[in-house]
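Values below: all heavy atoms of this structure, side chains included; hydrogens, waters and symmetry mates excluded. Since the model is a prediction, treat every value here as computed from it, not as a measurement.
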Amino acid sequence: MAEEELPGVLILDIGGTHGVLENLAALLKKHFRLITMKEFLQNKKEMSKKIQSIFVFECRPTIDRELLESLPNLKVIGNSGVGVNHLDLKMISSFGVKVTNTPHAVADPTADIGMALMLASARRLVEGCQIAVSPDTKYFAVDWLGVEVTRATLGIIGMGSIGYRVAQRARAFDMRILYHNRNRRRKEEEEAVGAHYCEKMEDLLQQSDFVMLVVNLTPETHKLIGKKELGLMKPTATLINISRGAVIDQDALVEALQNKVIRAAALDVTYPEPLPRDHPLLKLNNIIITPHIGTATVQAIRMMAEEAITNMLAVLNGQPIPNHGRRRATWAFGK
């Protein structure tokens with residue numbers, strides 16, 4: 001098929017600070033005619049008719065009403081990633097446009113980063129590295145201690161596909177696994193990882209040595225963990241967030257860490273991202289913050305792009321989105 005006949009896909013750019021990675025652009029080119037935002041804005045009249053899909057990479061381009069109104073043939077927005085809180089789904093749906101995401105590609109790498117943060121925080125790896133490489137270090141203190149992950153209690157809030165994979169990994173550390181979820185997992189799924197269901201989140205918070213947040217950001221989960229919840233946790237406990245920054249009340253977290261209400265926190269996500277350089281969280285030594293790298297692996301980025309492409313092509317060809325409707329499968333929002 002000649003490039004002119006391929007359906008047009010709008011992307012922010014190729015390469016640079018915010019553009020689609022070169023290798024992912026090459027994947028898209030096999031199925032779509034790539035149109036950058038710059039090309040679209042320079043020739044709106046012609047390009048607007050060609051664009052049938054938008055590939056959203058790292059939350060870009062921004063999808064607003066003005067853009068949607070200028071794309072009469074748009075049918076689908078393929079989000080590369082599982083979280084869609086950066087998209088106004090109700091507004092997009094009102095234009096008859098579907099939104100798809102890529103949950104399959106993100107589960108393993110995100111579970112990996114959850115375990116990495118738990119281990120790094122428990123054993124104070126970041127702080128330890130700084131001591132080991134500092135020009136001021138003359139000896140290593142014998143009373144510089146971490147805590148053990150093995151046989152500790154892990155409370156997982158959100159037992160979807162990512163949370164379940166965290167539990168699979170935690171089982172190898174002989175951890176006692178508690179979980180809180182809107183829906184209880186099947187008995188055989190619980191038994192496979194040795195997980196115990198807590199109907200009340202409060203029970204999980206009170207018992208856990210490590211609390212890991214693996215929920216979608218929704219109005220119900222916004223500031224799910226605040227002053228009250230942090231106060232229920234053990235003073236020796238660690239809070240780990242691999243979901244979205246706004247799931248935690250960050251002001252309450254600052255206070256809890258400063259006053260040793262909890263031992264430590266490890267966050268792959270914050271609100272906003274990055275945090276302002278004078279934010280109090282950046283001044284604490286009992287926190288680890290990483291730059292939202294849960295899915296930042298060579299394999300995951302490619303898998304997300306491939307899944308997004310498959311989803312967009314299915315919509316454009318009038319076919320059902322692969323696995324749509326099954327447990328934790330690709331979502332399609334919209335008409």
Side-chain angles (χ1 to χ4, degrees), residues 81-85 100-119 122 149-225 229 232-234 237-244 246-248 266 268-269 294-295 300 303-304 307 321-333:
V82 66
V84 291
N85 53 290
T100 68
N101 69 341
T102 61
H104 303 96
V106 309
D108 282 320
T110 308
D112 286 350
I113 203 74
M115 295 302 291
L117 285 169
M118 179 163 61
L119 288 162
V149 166
T150 301
R151 286 180 291 278
T153 298
L154 169 63
I156 301 170
I157 298 177
M159 194 62 128
S161 59
I162 298 171
Y164 195 77
R165 280 168 168 81
V166 169
Q168 289 174 327
R169 287 153 174 74
R171 195 181 186 203
F173 286 83
D174 291 328
M175 299 189 86
R176 176 177 173 237
I177 301 166
L178 309 176
Y179 79 96
H180 173 72
N181 202 44
R182 279 179 305 178
N183 304 306
R184 185 169 182 171
R185 282 271 185 169
R186 296 198 306 267
K187 189 181 177 186
E188 55 268 34
E189 291 174 327
E190 290 180 345
E191 289 174 351
V193 293
H196 305 278
Y197 180 63
C198 292
E199 190 175 342
K200 294 181 180 176
M201 188 173 72
E202 291 79 4
D203 294 339
L204 178 149
L205 293 171
Q206 289 170 337
Q207 297 178 64
S208 300
D209 299 304
F210 299 91
V211 173
M212 195 174 302
L213 302 172
V214 204
V215 295
N216 291 320
L217 179 59
T218 66
E220 292 74 37
T221 62
H222 183 259
K223 294 192 177 179
L224 180 70
I225 303 296
E229 291 74 24
L232 290 171
M233 291 172 65
K234 296 179 182 181
T238 299
L239 180 65
I240 302 147
N241 190 7
I242 55 171
S243 53
R244 284 292 184 270
V247 169
I248 297 175
D268 186 44
V269 287
T295 57
M303 279 180 66
M304 286 193 292
E307 198 173 336
I321 294 164
N323 302 318
H324 180 45
R326 297 184 190 172
R327 178 189 286 273
R328 301 302 297 168
T330 304
W331 309 336
F333 307 90

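The shortest distance between side-chain heavy atoms of Leu154 and Val166 falls below 4.5 Å. Looking only at side-chain heavy atoms (C-beta outward), Tyr197 and Met159 stay at 4.5 Å or farther from each other. At least one side-chain heavy atom of Glu307 sits under 4.5 Å from a side-chain heavy atom of Pro103. Under the 4.5 Å side-chain criterion, counting only non-hydrogen atoms from C-beta, Val247 is not in contact with Ile157.
Taking the ring centre of Tyr179 as origin, the terminal cationic atom of Arg185 falls outside the region bounded by 6.0 Å and 45° from the ring axis.
Residue Leu213 forms a side chain to side chain contact (heavy atoms under 4.5 Å, CB included) with just one option from Leu239, Val269, Ile240, and that option is Leu239. With Leu117 as the fixed residue, the side chain to side chain contact (heavy atoms under 4.5 Å, CB included) test singles out one of Ile242, Asn241, Thr238: Ile242.
Closest heavy-atom contact between Ala122 and Val149: CB-CG2, 3.7 Å. Between Ala300 and Ala105, the closest heavy-atom pair is CB-O, 4.0 Å. The nearest pair of heavy atoms linking Thr221 to Asn216 is OG1-O, 2.7 Å. Across all non-hydrogen atoms, the minimal contact from Pro109 to Thr295 is CB-CA, 4.3 Å.
To the nearest 0.5 Å, atoms CD1 (Ile113) and CG (Asp268) are separated by 5.5 Å. Interatomic distance, CD of Glu199 versus CZ of Arg184, reported as 9.0 Å (0.5 Å rounding). The NZ atom of Lys187 sits 13.5 Å away from atom CD of Glu189, with the distance rounded to the nearest 0.5 Å. Between the CG atom of Leu205 and the CG atom of Leu232 there is a distance of 6.0 Å, given to the nearest 0.5 Å. Rounded to the nearest 0.5 Å, atoms CG (Asn181) and CE (Met201) are 12.5 Å apart. If you take CE on Met115 and OG1 on Thr110, they are separated by 14.0 Å, rounding to the nearest 0.5 Å.
With respect to the salt-bridge test (charged N to carboxylate O, under 4.0 angstrom), the residues Glu202 and Lys200 do not qualify.
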Practice item. Would you check, one step at a time, whether the test side chain to side chain contact (heavy atoms under 4.5 Å, CB included) holds for Asp203 with Leu178? Key: CA-CA 9 Å; Asp203 294 339; Leu178 309 176; over 6 Å; no
Indicate every side-chain donor-acceptor pair of residues 168-177 with a distance under 3.5 Å to a residue at least two apart or in another chain.
residue	atom	partner	partner atom	Å
Arg169	NE	Asp112	OD1	2.8
Arg169	NH1	Arg165	O	3.0
Arg169	NH2	Asp108	OD1	3.0
Arg169	NH2	Asp112	OD1	3.2
Arg171	NH1	Ala192	O	2.7
Arg176	NH1	Gln207	OE1	3.4
Arg176	NH2	Gln207	OE1	2.7

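In this view, Glu229 satisfies the salt bridge (charged side-chain N to carboxylate O under 4.0 Å, His left out) rule with no residue, not counting sequence neighbours.
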